[in-house]
There are 2 protein chains.
Amino acid sequence: MELVKIYECLCDLTRLRVLHVLARGPLCVCHFQAVLAEPQVKLSKHLAYLRARGLVSVTRRGNWMVYALPSAPPPELRANLACLQDCAREQPVFRRDLARLERLAPTLAETGPGCCGPATRPPRRARTAAPGRAR
Amino acid sequence: MELVKIYECLCDLTRLRVLHVLARGPLCVCHFQAVLAEPQVKLSKHLAYLRARGLVSVTRRGNWMVYALPSAPPPELRANLACLQDCAREQPVFRRDLARLERLAPTLAETGPGCCGPATRPPRRARTAAPGRAR
DNA sequence: CGACTATATTCCTTTTGAGGTATATGAATC
DNA sequence: GATTCATATACCTCAAAAGGAATATAGTCG
């Protein structure tokens, strides 16, 4: 893996945060939304970016896409991810993410990384008029 | 120092090579030209970039600008520079740079990092004697 | 002072990426 | 088969940055 490609992935804060929490275990996009408090599009795009460069892997699980760090990362990646963990330890942004991840932990343990438990799902009110219909 | 800023500096190969050789000791721009085999403008601009972000420091020495790693880098920077050294060990580009640096070593030892010894200088026809003395 | 040297800066073009809005896709469920 | 949910993609705009050519600047030497 090219060293520069790795650093290109690391030079965006959102991606750093993604990789940082992924070290704790696989996550799906809706969990990323909860943990990082960022909009879905933004996360999807950054995850696609990381995926295209081989920094994360994906597996579909029903409706959910579960992202994870590669099972056997090349040494340069391993080294840099370790370094990131080390550097992030002190910084508030990353600590906040971890805190929100912890708060999610029970749900995660219960349902696995591939889905959002019913608790996290919106109320689902009876509906008729749906705005933003496609085509 | 902001983590992302560091990675932004690392995500260009030329800058990586600059930082990598700087770990061996301070260098002036003309030595960078010799070691990295890149045009002056390119190096000057990347050095300015690194300087603006505090990854390198400069001191003028006569006509020469001597660049060096900061004397007391913050922990995040220290960690990442170490990581870079580690990762670069295997890669041909970086090894080549080091080889050219070694070849420059005698000159460096003789004249200090602040000037290009007579050996590296163009022939300088007919002129009066011994040019390029730094102070 | 004037020539020269080492390095910096400006201007230009091209590429890349970030973020947002709107829309598409694929699986599940009724 | 139509809805709904989770996620992805397309399109757009804006900013940054890379590389090259030309030129500027700041020292030094004679």
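A note on names: the letters A, B, ... follow the listed sequences, proteins ahead of strands, and every chain is numbered from 1. Because the structure is a prediction, the values reported are computed rather than measured.
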For A:Glu2, give me all partners under side-chain contact (heavy atoms from CB on, under 4.5 Å), at least two apart in sequence or on another chain.
A:Lys5
Residue pairs fulfilling salt bridge (Lys or Arg N to Asp or Glu O under 4.0 Å) with at least one residue in residues 29-49 of chain B, sequence neighbours excluded:
B:Arg17-B:Glu38, B:Glu38-B:Lys42
Rounded to whole angstroms, how far apart are CZ on A:Arg51 and P on D:dA8?
7 Å
What is the distance, rounded to the nearest whole Å, between atom CG of A:Leu43 and atom P of D:dA8?
10 Å
Tell me the interatomic distance from A:Leu47, atom CG, to D:dT9, atom P, rounded to whole angstroms.
11 Å
Could you state the CH2-P distance from B:Trp64 to C:dC4, rounded to the nearest angstrom?
17 Å
Looking across every strand, which nucleic acid part, if any, lies under 4.0 Å from A:Tyr67 by heavy atom: base, sugar-phosphate, or nothing?
sugar-phosphate
side-chain hydrogen bond (donor to acceptor under 3.5 Å, both in side chains): which pairs involve residues 67-77 of chain B, sequence neighbours left out?
none
Would you say B:Arg53 places a side-chain N or O within less than 4.0 Å of OP1 or OP2 belonging to D:dA17?
yes
Once you round it to whole Å, what is the distance between P of C:dT7 and CZ of B:Arg61?
12 Å
Over all atoms of both residues, closest heavy-atom pair of A:Leu36 and A:Thr14
CD1-O, 4.3 Å
How does protein contact run along nucleotides 18-26 of chain D, one letter per nucleotide 5' to 3', with B for base contact, S for sugar-phosphate only, - for none, heavy atoms under 4.0 Å?
SBBBB---B
Which residue pairs pass the ring pair (Phe, Tyr, Trp, His ring centres under 6.0 Å) test when at least one of the two sits in residues 68-103 of chain B, sequence neighbours left out?
B:His20-B:Phe94
Give every residue pair that meets the salt bridge (Lys or Arg N to Asp or Glu O under 4.0 Å) criterion with at least one member in residues 46-60 of chain B, sequence neighbours excluded.
none
